[in-house]
There are 2 protein chains.
Amino acid sequence: MKRECGRWGYRLRGFGYKCTPGRELILEILESTDEHLSPEEIYSKVSIEHPEIGLTTVYRTLDMLVNLGVVSKLDFGEGKSRYELSEHHSHKKHHHHLVCNKCGKIIDYSDFINEEIEFLNKIESKLGKKYNFKISSHFIKFDGMCNDCI
Amino acid sequence: MKRECGRWGYRLRGFGYKCTPGRELILEILESTDEHLSPEEIYSKVSIEHPEIGLTTVYRTLDMLVNLGVVSKLDFGEGKSRYELSEHHSHKKHHHHLVCNKCGKIIDYSDFINEEIEFLNKIESKLGKKYNFKISSHFIKFDGMCNDCI
DNA sequence: AACCTAAATGATAATTATTTTCATTTAGAT
DNA sequence: ATCTAAATGAAAATAATTATCATTTAGGTT
């Protein structure tokens, strides 16, 4: 008997990948959170509904989704990676991050983001030419200490 | 018999730390390179002159130097950290990085850096207020593909 | 110059994040 | 219902980093 596939499943098929319960669930989890989840965290959420799905599959799926451009891999320098739906596939607007180096809290901000993007694009195009570098994305973060940790 | 300490050794003493061969050597290595070395890479350079010094000591020393603000820890999302002398202790000017996601090459650029810093400071102060966040540093990188990998 | 003690070190084991391997299962085309 | 490449789970392997602990050493004191 064929499993029913949801919205994400159809998109996966569109990319030439199979629609599987794990993949759909991981995408739903990423879609329904505002956090920046680590593979381990995603795995523990996955386990609630599908305890048979292993951590390896989580890693593999995230990897695939990053390659498709559906998910962004973020590295805040904690020694582990974090993931979020990429701008194009998310309801969240383009944002950057404030990282608390005490408690690890991550705040998304979208303030001044248009100025910021515009500025970055300008620099990006100049740098790209000067260093003959094909720039595909940028990453900005501000490190510091949050409200609760000060 | 007392060991002679160099310039870095005296600085370490000034910070209340002992001057040891490993510490001085690590600082000299960082000072004399334009690369962004990983602990393993530093270790292998250290080994040439002092094969008895272990990787653990390299990690410990880097950690200490980062806490002192003498060295900056950088994370380009490779699953390992890299280190460089921090702006204040280096002859290099403030810069940011272009990272080639194919071969891993990292290019420092200082172009437009004043505009960039000015812009970031402006944002930084606004964000700090709005989110009640004490921002201590920023990190920018541009990801893409270098000259050789295109 | 020998002495002392906290700080630093090296060797090793332990941890944590991630990747690989491989035998088994399953999605989805036929 | 059948078939096969793709996907998976369990387990082992790898890589980066950190912790443990017995030994050594820097550098102040005598």
Side-chain angles (χ1 to χ4, degrees), chain A residues 1-6 8-27 36-44 46-47 49-68 71 73-83 104, chain B residues 1-6 8-27 36-44 46-47 49-68 71 73-83 104:
Chain A
M1 192 192 64
K2 287 215 162 52
R3 253 189 82 254
E4 278 301 320
C5 282
W8 286 116
Y10 283 103
R11 281 209 222 177
L12 287 170
R13 294 235 187 91
F15 284 119
Y17 288 94
K18 291 184 177 173
C19 157
T20 68
R23 288 172 176 178
E24 286 201 307
L25 183 48
I26 289 170
L27 281 162
H36 311 80
L37 302 172
S38 65
E40 195 71 47
E41 286 165 349
I42 292 170
Y43 170 64
S44 88
V46 163
S47 295
E49 276 196 57
H50 283 279
E52 78 281 6
I53 292 176
L55 182 55
T56 310
T57 297
V58 174
Y59 271 102
R60 275 192 289 233
T61 302
L62 290 170
D63 228 50
M64 176 208 72
L65 295 171
V66 168
N67 287 329
L68 289 179
V71 164
K73 182 176 185 174
L74 306 173
D75 192 321
F76 297 113
E78 308 163 284
K80 69 175 131 191
S81 50
R82 297 189 168 276
Y83 296 83
Chain B
M1 191 191 65
K2 286 213 162 50
R3 251 190 82 253
E4 278 302 317
C5 282
W8 285 116
Y10 283 103
R11 281 207 222 177
L12 288 169
R13 294 236 187 91
F15 283 120
Y17 289 94
K18 290 183 178 173
C19 157
T20 67
R23 289 173 175 176
E24 287 201 305
L25 182 49
I26 289 169
L27 281 162
H36 310 80
L37 301 172
S38 66
E40 195 71 48
E41 287 165 347
I42 293 170
Y43 171 63
S44 88
V46 163
S47 294
E49 275 197 58
H50 283 279
E52 78 283 5
I53 292 175
L55 182 55
T56 311
T57 296
V58 173
Y59 272 103
R60 275 192 291 232
T61 301
L62 290 170
D63 227 50
M64 176 206 74
L65 294 171
V66 168
N67 287 329
L68 290 179
V71 163
K73 183 175 183 172
L74 306 172
D75 193 321
F76 297 113
E78 307 163 283
K80 68 176 134 190
S81 50
R82 297 188 169 275
Y83 297 83

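On a predicted model such as this, the values are computed, not experimentally measured, just so you know. The sequence lines fix the lettering, A, B, ..., with proteins before strands; numbering per chain opens at 1.
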Please state how far atom NZ in A/Lys18 lies from atom P in C/dA27, giving the value in whole angstrom units. 8 Å
With sequence neighbours left out, the residues meeting salt bridge (charged side-chain N to carboxylate O under 4.0 Å, His left out) with A/Arg82 are A/Glu41, A/Glu78
Mind checking whether B/Thr61 and B/Ile42 have side chains closer than 4.5 Å, heavy atoms only? no
Would you kindly give the CD-to-C1' distance between B/Glu24 and D/dA26, to the nearest whole Å? 12 Å
Measuring to OP1 and OP2 of C/dT9, would you say a side-chain N or O of B/Thr57 lies under 4.0 angstrom away? no
Ignoring hydrogens, what is the shortest heavy-atom contact between A/Cys19 and A/Arg3? Give both atom names and the distance. SG-NH1, 3.6 Å
For the pair made of CD1 in B/Ile26 and C1' in C/dG10, what is the distance, rounded to whole Å? 13 Å
Considering only C/dG10, C/dT9, C/dG28, which nucleotide approaches the side chain of B/Thr20 most closely? C/dT9
Roughly how many Å is it from CZ in A/Phe15 to C1' in D/dA7, rounded to a whole number? 18 Å
Among B/Val71, B/Leu37, B/Thr20, B/Leu62, which residue satisfies the side chain to side chain contact (heavy atoms under 4.5 Å, CB included) criterion with B/Ile26? B/Leu62
A/Glu24 side chain to A/Gly6 main-chain N or O, any donor-acceptor pair under 3.5 Å? yes
Taking for A/Val58 and for B/Cys5 the nucleotide of DNA chain D with the nearest heavy atom, the one nearer the 5' end belongs to A/Val58
Between the first and last five pairs of the helix from C/dA1-D/dT30 to C/dT30-D/dA1, the angle of the axes, rounded to 10 degrees: 20°
Looking at C/dA8, I'd like to know if its phosphate oxygens (OP1 or OP2) sit under 4.0 Å from a side-chain N or O belonging to B/Arg23. yes
Any side-chain heavy atom of A/Leu65 sitting closer than 4.5 Å to one from A/Tyr83? no
Nearest-angstrom distance from the residue atom CH2 of A/Trp8 to C1' of C/dA27: 20 Å
For nucleotides 12-20 of chain C, 5' to 3', base contacts (B), sugar-phosphate-only contacts (S) and non-contacts (-) with protein non-hydrogen atoms under 4.0 Å give B----SBBB
Rounded distance in Å - CD1 (A/Ile53) to C1' (D/dA10): 14 Å
Do B/Lys80 and B/Glu40 have side-chain heavy atoms sitting under 4.5 Å apart? no
Could you state the atom-to-atom distance from OH of B/Tyr17 to P of C/dT9 in whole Å? 12 Å
How close or far is atom P of C/dG28 from atom CD of A/Glu4, stated in whole angstroms? 11 Å
Any idea which heavy atoms bring B/Leu25 and B/Glu49 closest together, and the distance? CD1-OE2, 3.7 Å
When you compare the side chain of B/Glu52 with that of B/Thr57, does any pair of heavy atoms fall below 4.5 Å? no
Among C/dA27, C/dT9, C/dG28, which nucleotide has an atom closest to any side-chain atom of A/Pro21? C/dA27
